[in-house]
Amino acid sequence: MIPEQIEHLGIAVPSIEEVLPFYEQVLGLKCYAIEEVADQKVKTAFLKVGEVKLELLEPTSPDSTVAKFLEKNGGKCQIHHIAYKVNDIESRLAELKEKGVRLIDETPRKGAEGLTIAFLHPKSSAGILTELCEKK
Ligand code: CMX
């Protein structure tokens, strides 16, 4: 499987509002979308750096996986996942499964920005939560 490019970096943050001034006023990036992903219990904010996006992830509930992740890391902002752009995500997942990679999503699902996504378990992806994304 050769990913086409990094689609986005997911960064867990306790509060989007508190960190946005760094990205917008210091780095000069522009937040072009804020979206709530209800089934993941997160609010997301997107900024573009060239072709790559940053996805700021704020938990909307204490039982969100992102809330758990933040709690485990002392409540500090931290890189949460890397998302790779792929084509034919179903075939990529089948290839990875064949190689013994543990999939969180056996079947792709809809994620933020209408992308079709699937996560690989960090225990099976060198300790970094890894997402595959396809724009269908
Ligand atoms: N990166 C690396 N490791 C992670 C991790 C992350 N983001 N999240 C959890 N882990 C590790 C934990 O540190 C833990 O490791 P140890 O056993 O060595 O302590 C292990 O994975 C299990 O962690 P846990 O706290 O028990 O968490 P869960 O098993 O309940 O969930 C995971 C972990 C990855 C399966 C879950 O977070 C998940 O399903 N993630 C995919 C969906 C997601 O992240 N959604 C939010 C973003 C949505 C979006 O981008 O729109």
Side-chain angles (χ1 to χ4, degrees):
M1 184 193 81
I2 302 176
E4 291 177 11
Q5 65 166 74
I6 290 182
E7 211 283 332
H8 65 265
L9 298 176
I11 303 171
V13 304
S15 159
I16 287 174
E17 196 188 344
E18 276 178 24
V19 300
L20 258 192
F22 168 72
Y23 292 97
E24 295 202 301
Q25 290 158 33
V26 180
L27 292 186
L29 302 173
K30 187 171 165 33
C31 172
Y32 66 88
I34 293 208
E35 185 184 337
E36 189 160 336
V37 184
D39 69 331
Q40 296 294 302
K41 299 180 180 154
V42 288
K43 184 164 106 176
T44 61
F46 284 94
L47 305 101
K48 253 191 164 177
V49 191
E51 289 294 302
V52 180
K53 297 167 194 161
L54 300 180
E55 180 188 33
L56 306 178
L57 293 160
E58 175 187 318
T60 53
S61 157
D63 61 348
S64 154
T65 56
V66 175
K68 213 167 148 187
F69 177 79
L70 282 167
E71 199 184 305
K72 212 167 171 180
N73 292 295
K76 296 184 193 125
C77 298
Q78 184 143 338
I79 299 264
H80 179 261
H81 64 268
I82 300 180
Y84 296 95
K85 183 176 172 191
V86 297
N87 60 33
D88 192 1
I89 192 167
E90 289 82 2
S91 300
R92 303 291 82 79
L93 288 175
E95 265 172 39
L96 292 168
K97 196 173 179 183
E98 180 75 22
K99 287 183 178 161
V101 173
R102 187 169 153 196
L103 308 179
I104 293 174
D105 301 294
E106 297 260 340
T107 311
R109 58 185 170 80
K110 282 283 168 218
E113 298 205 296
L115 295 176
T116 303
I117 66 158
F119 280 92
L120 317 182
H121 199 285
K123 294 286 177 200
S124 238
S125 53
I128 302 293
L129 179 60
T130 299
E131 179 181 356
L132 306 185
C133 309
E134 184 175 22
K135 191 170 187 174
K136 295 252 191 198

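Counting begins at 1 with the first residue of the sequence. Every number for a ligand or one of its atoms is a count from 1 in the order of the listing. This one's a predicted model, so the numbers in the text were calculated from it and none came from an experiment.
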**Q.** Those protein residues which place at least one heavy atom below 4.0 Å from ligand 1
**A.** Gln40, Glu55, Leu57, Thr65, Val66, Lys68, Phe69, Lys72, His80, His81, Ile104, Phe119, His121, Pro122, Lys123, Gly127, Leu129

Q) Looking at Arg92 and Glu95, does any basic side-chain N land under 4.0 Å from a carboxylate oxygen? A) yes

Q) Under the salt bridge (charged side-chain N to carboxylate O under 4.0 Å, His left out) rule, what pairs show up with a residue in residues 102-128, not counting sequence neighbours? A) Lys53-Glu113, Lys97-Glu106, Asp105-Arg109

Q) Got a sec, which residues hit side-chain hydrogen bond (donor to acceptor under 3.5 Å, both in side chains) with His80, two or more places apart in sequence or on another chain? A) none

Q) In terms of heavy-atom contacts, does CD of Gln78 have more than 12 from other residues, nucleotides or ligands at under 6.0 Å? A) yes

Q | Side chain Thr130, main chain Ile82, donor-acceptor under 3.5 Å | A | no

Q | Members besides Phe46 in its Ile/Leu/Val/Met/Phe/Trp/Tyr cluster (side-chain heavy atoms under 4.5 Å) | A | Tyr32

